[in-house]
Amino acid sequence: MKSSEIRRSFLEFFKSKNHQIVQGSPIVVKDDPTLMFINAGMNQFKDVFLGNAPVKFPRVADTQKCLRVSGKHNDLEEVGHDTYHHTLFEMLGNWSFGDYFKEEAIAWAWELLTEVFKIDKKNLYVTVFSGDEQDGLSMDAEAKESWKKYIREDHILLGSKKDNFWEMGETGPCGPCSEIHIDLRSEEEKTKIPGHELVNRDHPLVIEIWNLVFIEFNRQANGKLSVLPQKHIDTGMGFERLAMVLQGVKSNYDTDVFKPLINFIAKMAGVTYGQDEKKDIAMRVISDHLRAVAFAIADGQLPSNTGAGYVIRRILRRAVRYGFTFLDFQEPFIYKILPVLVEQLKDVFPEIESQQNLVEMVIKEEESTFLRTLSQGVKRFDQYINMNPDSKVIDGDFAFELFDTFGFPIDLTRLMAREIGLDVNMEDFQKGLEAQKSRSRKAAEKTTDDWIELIPNAPATKFLGYNRLECEAQIVKYRQVTQKKNTMYEVVLDRTPFYAESGGQVGDSGVLEIAGQVLHVVDTRKENNLPIHIVAEEPKNPTATLLAKVDMEKRRLTANNHSATHLMHAALRQVLGTHVEQKGSMVDSERLRFDFSHFAKMTDEEIREVEKKVNAKIRENISCQIKENVPIEEAKKMGAMALFGEKYGEQVRVITFDPGYSVELCGGTHVPATGQIGFFKVISESGIAAGVRRIEAYTADAAETYIFEHLDLMTEIQGQFKGAVNPLTAVKNLIQDNSSLSKEIEQFQKEKTHQLAGELMKTAKKIGDFTYVVRKIAIDPNQAKNLVHQLRAMEDHMIVVLAMEEDGKANLVVGLSDELTSTGKFNAGNIIRKISPFIKGGGGGQPHFAMAGGKDPSGINEALKAAESEIVSGS
RNA sequence: GGGGGAUUAGCUCAGUUGGCUAGAGCGUUUGACUGGCAGUCAAGAGGUCACCGGUUCGAUUCCGGUAUUCUCCA
């Protein structure tokens with residue numbers, strides 16, 4: 001069975017059981033500080049479980065891209081070494097929100113596996129939660145009874161809290177779970193060791209394929225469990241593993257999910273998969289990582305040096321490293337594999353096809369910068385080896401520096417060391433790494449106290465901020481948060497006019513007036529759909545009714561920038577083309593920043609054209625049409641621009657400025673009509689990654705100030721040129737004159753020193769064939785340098801000592817001809833050190849040329865005398 | 001968010017006790033050779049050594065700050 005059929009069968013099966021088939025969410029997580037990427041099918045329903053969002057469909061099924069780079073069974077460094085762990089994988093799942101429960105979940109799972117997929121029942125094992133004394137829970141008899149209808153009792157195993165009790169986090173919804181495992185070993189193996197002994201033992205052929213979670217409790221902050229009024233089902237089945245089972249192969253990488261990728265890589269590298277374990281690992285790593293990186297970029301997460309972007313960069317670099325080391329790829333190669341992946345998955349995940357160009361460019365660019373990093377690391381490594389030819393062990397501190405500062409992977413350092421018979425001091429390396437980690441942790445240390453709940457089980461916060469900037473409200477809960485000795489309070493209200501940071505628009509600030517106390521709201525953020533007001537003071541009387549007031553001025557300026565962003569987005573698509581897509585956006589009260597896909601630097605003309613279009617739309621004073629709760633399909637028909645990597649519900653909000661110009665899905669706040677924006681001015685255009693440009697711009701007062709400042713500067717410049725009509729030509733002429741004058745001066749000085757050199761030569765004294773000049777002259781010290789160099793080239797055996805006086809300071813210069821220097825008889829540095837004390841100074845230089853400076857010009861004569869006697873006695 | 005590094009010619013980079021007249025390769029201009037292209041040779045142009053301040057007689061070099069950028073950690 002082809003993997004695409006497996007996926008389709010799964011979805012169709014649950015559709016036949018009245019499930020709504022939904023789209024998986026993009027893997028990049030935006031509003032959950034505890035999570036960077038979607039790592040389980042249930043992530044997109046977290047708000048539903050937490051009660052922060054209403055249930056749209058009671059029964060749902062989907063396939064969800066998941067990305068895991070760390071966790072109990074999945075360390076990035078291990079992926080590729082075995083045959084069944086991945087960074088990116090698909091999770092097939094079905095859900096019930098307060099609808100069916102254990103009985104049906106179990107029955108359907110069994111039906112799908114054994115009747116649709118025709119898996120042999122005798123190879124299946126299931127596990128059931130055995131109970132936990134501490135939590136006061138007994139064995140999950142309900143699940144066990146259900147299973148007994150389908151499977152022999154000796155294939156039902158009991159599991160502890162560790163394997164069979166699922167929790168979302170420290171607190172929140174949780175419950176027992178029941179896993180389905182499969183034994184894929186040969187008959188012979190099975191008779192040797194019975195399958196039930198290998199379940200949950202990390203055996204590569206006795207593996208978990210499906211986990212059914214029965215959410216029925218809520219873990220409270222005090223650690224106690226309470227029973228949920230609504231019970232839910234949450235299941236997840238690893239798609240790649242299922243494919244392995246149904247295609248009768250022993251490794252996920254042998255399924256048609258990975259095989260085309262592996263074959264392509266093998267062909268490119270000129271090797272055969274299955275011949276050399278190290279090369280096989282490399283190919284597995286590359287095929288796995290390509291999938292992760294490609295989808296992350298398609299969903300809007302570009303590689304970068306912080307946060308989620310850094311995770312993506314690390315994954316990609318790991319793939320490059322394996323290709324570089326084991327498959328001898330010296331040039332970017334991963335981007336070349338992308339078309340294979342696109343061909344495989346474009347029907348299921350269309351974003352990978354529509355974003356293909358960008359993904360390819362970004363990957364290629366990342367690859368080449370990393371290869372550059374690698375070659376610089378190799379250079380530094382060689383330098384180290386040359387400087388420490390005798391050491392048997394490479395310094396751990398050096399290896400760490402290479403890694404930490406230059407991004408050179410430690411295992412490459414070790415590999416290169418081994419090749420020349422050296423070891424790396426890993427202990428010191430680890431020490432360095434630990435020190436780095438603890439420094440970072442300390443800097444990011446944040447202590448979060450428990451929520452103080454004032455209104456238990458409150459419904460989701462009502463947002464009133466689209467229409468009102470002020471309202472009365474109650475505190476639902478609040479808690480203290482301390483970071484770097486800075487204490488803040490997070491406050492949740494039952495209703496609020498405060499906009500929480502989202503869609504690139506910053507959170508509102510303002511005040512909460514409560515029982516005569518004023519709490520300053522410095523920011524408003526969203527965590528799992530819950531708007532949180534960050535407040536500087538602790539509420540003294542938290543149960544009182546409060547008055548929430550948003551900072552109107554800031555909100556107004558922010559709206560200007562946000563609406564201008566929409567107008568600019570549309571203008572960019574008109575001017576540059578429809579390949580322009582939003583890749584990021586930041587809007588606050590001071591400016592707007594917009595990242596978008598485009599392949600080249602914008603020309604000045606293009607920027608000007610965009611500015612003109614936006615300003616024209618501002619002058620048209622188009623009123624903003626806002627439509628709430630529009631079904632997504634209808635919004636798309638309206639021509640609304642949706643963003644890749646953005647998660648949209650079934651009902652969306654549509655912002656329109658002229659239906660023929662700008663229609664966008666957006667949750668932000670906007671101007672009532674474009675005229676309020678006043679004026680729009682781009683202040684910078686730059687590149688932030690391959691194929692991605694960034695524009696920053698001002699609107700309204702800020703744009704006005706910007707223009708005025710520039711005009712004022714212009715006026716001042718014009719003033720400097722008095723009557724000049726065109727200051728540009730005046731400046732050009734000035735620069736031209738300046739450079740020709742400097743050249744002339746240089747020429748004069750050359751001539752002057754040449755002349756001076758000739759004159760000085762006339763006063764030169766001789767001892768045999770040995771010539772010397774010792775003089776005090778009036779010349780600029782920099783010119784003296786030139787003069788000495790001229791003089792010392794005039795005779796084979798020559799010493800020049802010159803002294804100058806300037807601004808009450810004394811300078812000495814000593815020069816030797818090259819020939820004389822090579823005899824070693826004299827040394828300019830030595831001479832200068834002997835004579836510089838006379839002028840109360842010091843100096844130095846090379847054997848053939850030295851300079852000194854001092855504070856006492858009255859000592860010049862003595863210094864020269866000393867120099868002369870030194871020369872005479874030495875000759 | 002925290003640590004470390006980098007910033008020198010159009011590009012890639014050298015430049016260690018602070019004083020060498022700031023260099024190399026590629027590119028570029030001109031000339032010569034060649035039937036043309038490619039090429040070879042010769043000559044030349046191109047630098048506020050990121051910016052601001054400090055130490056020093058003297059800073060591309062040492063110290064501090066700013067900007068940009070790379071990199072590791074969170």
Side-chain angles (χ1 to χ4, degrees), chain A residues 33-34 36 70 303-311 313-314 317 366 368-370 372-377 379-380 383 387 397-410 429-430 432-446 483-484 486 684 686-689 735 738-739 742-743 746 749-750 753-754 780-793 803-816 818 821 828-829 831-833 835-857 859-860 863:
Chain A
T34 63
M36 284 182 183
S70 59
S304 74
N305 57 357
T306 52
Y310 181 54
V311 173
R313 172 167 284 175
R314 259 169 49 198
R317 291 189 166 191
E366 270 295 306
S368 33
T369 53
F370 184 54
R372 201 157 47 231
T373 303
L374 284 183
S375 71
Q376 294 201 335
K379 215 193 272 179
R380 279 199 99 79
Q383 262 171 20
M387 283 169 73
D397 292 342
F398 170 73
F400 181 68
E401 189 199 4
L402 214 51
F403 167 75
D404 180 52
T405 303
F406 300 99
F408 198 73
I410 182 64
F429 175 85
Q430 288 299 343
L433 192 61
E434 275 313 308
Q436 157 97 294
K437 283 186 180 178
S438 74
R439 242 197 327 268
S440 286
R441 262 195 293 268
K442 210 170 163 191
E445 214 163 58
K446 180 176 164 185
Q483 189 164 22
K484 283 200 210 163
N486 226 342
S684 83
S686 58
I688 55 164
I735 290 170
N738 188 42
S739 90
S742 326
K743 274 189 187 143
E746 207 180 317
Q749 274 172 342
K750 250 186 203 164
T753 51
H754 194 74
D780 172 78
N782 282 326
Q783 289 305 316
K785 207 197 271 185
N786 284 332
L787 184 57
V788 167
H789 281 295
Q790 283 203 18
L791 282 167
R792 70 183 196 86
M804 290 131 285
E805 185 181 345
E806 197 185 58
D807 300 336
K809 284 178 186 171
N811 281 291
L812 297 169
V813 188
V814 178
L816 273 66
D818 287 335
T821 312
I831 295 173
I832 208 91
R833 269 187 287 277
I835 64 174
S836 56
F838 292 107
I839 55 165
K840 296 202 171 110
Q846 282 79 47
H848 68 286
F849 179 85
M851 287 183 87
K855 289 170 213 158
D856 186 11
I860 284 179

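The sequence lines fix the lettering, A, B, ..., with proteins before strands; numbering per chain opens at 1.
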Under-4.0 Å side-chain N/O to phosphate OP1/OP2 contact, A/Arg439 with B/G4: no
Can you tell me if A/Arg380 touches the phosphate of B/A6, counting only side-chain N or O atoms and a distance under 4.0 Å to OP1 or OP2? no
Please determine, for the side chain of [X], which listed nucleotide ([options]) has the closest atom?
X	options	result
A/Ser440	B/G19, B/G1, B/C72	B/G1
A/Thr373	B/C20, B/C72, B/U71	B/U71
A/Phe406	B/C72, B/A74, B/G5	B/G5
A/Arg441	B/C72, B/C20, B/A74	B/A74
A/Thr405	B/G5, B/A74, B/U71	B/G5

How many Å lie between [atom1] on [X] and [atom2] on [N], as a whole number?
X	N	atom1	atom2	value
A/Phe400	B/G5	CZ	P	12 Å
A/Leu433	B/U71	CG	P	17 Å
A/Ile839	B/U56	CD1	C1'	14 Å
A/Asp404	B/G3	CG	P	12 Å
A/Leu816	B/C20	CG	C1'	14 Å
A/Phe403	B/G3	CZ	P	18 Å
A/Asp397	B/G5	CG	P	14 Å
A/Arg314	B/C72	CZ	P	9 Å

By ring pair (Phe, Tyr, Trp, His ring centres under 6.0 Å) - contacts of [X] (at least two apart):
X	answer
A/Phe400	A/Phe429
A/Phe398	A/Tyr384
A/Phe849	A/His789

Considering all heavy atoms of both residues, which atom of [X] and which atom of [Y] are nearest to each other, and what is their separation?
X	Y	answer
A/Asn811	A/Gly853	OD1-CA, 3.7 Å
A/Val788	A/Val813	CG2-CG1, 3.6 Å
A/Ala399	A/Ile410	CB-CD1, 3.9 Å

Any pair with a residue in residues 400-410 of chain A that passes salt bridge (charged side-chain N to carboxylate O under 4.0 Å, His left out), sequence neighbours left out, goes on the list, sorted by first then second residue, please. none
What pairs of residues pass the salt bridge (charged side-chain N to carboxylate O under 4.0 Å, His left out) test when at least one of them lies in residues 835-851 of chain A, not counting sequence neighbours? A/Lys840-A/Asp856
Need to verify one output field. Residue with the more 5' nearest nucleotide on RNA chain B, A/Leu402 or A/Gln383? A/Gln383
For nucleotides 57-61 of chain B, tabulate all protein N/O to nucleotide N/O atom pairs closer than 3.5 Å, reporting atom names and distance.
residue : atom : partner  : partner atom : Å
B/C57   : O2   : A/Gly853 : N            : 3.1
B/C57   : N3   : A/Gly842 : O            : 3.0
B/C57   : N4   : A/Gly842 : O            : 2.8

Rounding to the closest angstrom, what is the interatomic distance between [N] and [M] at atom [atom1]?
N	M	atom1	result
B/U61	B/A6	C1'	15 Å
B/C13	B/U17	C1'	24 Å
B/A9	B/U48	P	9 Å
B/G3	B/U12	P	29 Å
B/C11	B/U56	C1'	36 Å
B/G4	B/C26	C1'	32 Å
B/C57	B/G18	C1'	12 Å
B/U28	B/A50	P	27 Å

Quick one: list whatever passes salt bridge (charged side-chain N to carboxylate O under 4.0 Å, His left out) with A/Arg313, sequence neighbours left out. A/Glu366
With sequence neighbours excluded, tell me which residues meet side-chain contact (heavy atoms from CB on, under 4.5 Å) with A/Ala803. A/Lys776, A/Leu812, A/Ile860, A/Leu864
List the residues meeting side-chain contact (heavy atoms from CB on, under 4.5 Å) with A/Arg439, not counting sequence neighbours, and say none if there are none. A/Gln436
Using nucleotides 8-13 of chain B, report all nitrogen or oxygen pairs with the protein that are shorter than 3.5 Å.
residue : atom : partner  : partner atom : Å
B/C13   : OP1  : A/Gln376 : NE2          : 2.9

Quick one: are A/Phe406 and A/Arg380 in side-chain contact, heavy atoms under 4.5 Å? yes
Please examine the side chains of A/Arg317 and A/Thr369, heavy atoms only from C-beta on, and report whether any two atoms are closer than 4.5 Å. yes
So A/Arg313, base contact, sugar-phosphate only, or nothing? Heavy-atom distance under 4.0 Å. sugar-phosphate
Using a 3.5 Å limit on both pairing distances, list the dot-bracket string of RNA chain B from the 5' end; Watson-Crick and G-U wobble pairs count, crossing pairs take [ ], interstrand pairs take |. (((((((..((((.....[...)))).((((((.....)))))).....(((((..]....)))))))))))).
Taking donor-acceptor contacts at under 3.5 Å, does the side chain of A/Glu401 reach the base of B/G4? no
Only counting residues at least two apart or in another chain, list the ones meeting side chain to side chain donor-acceptor pair (under 3.5 Å) with A/Ser684. A/Glu696
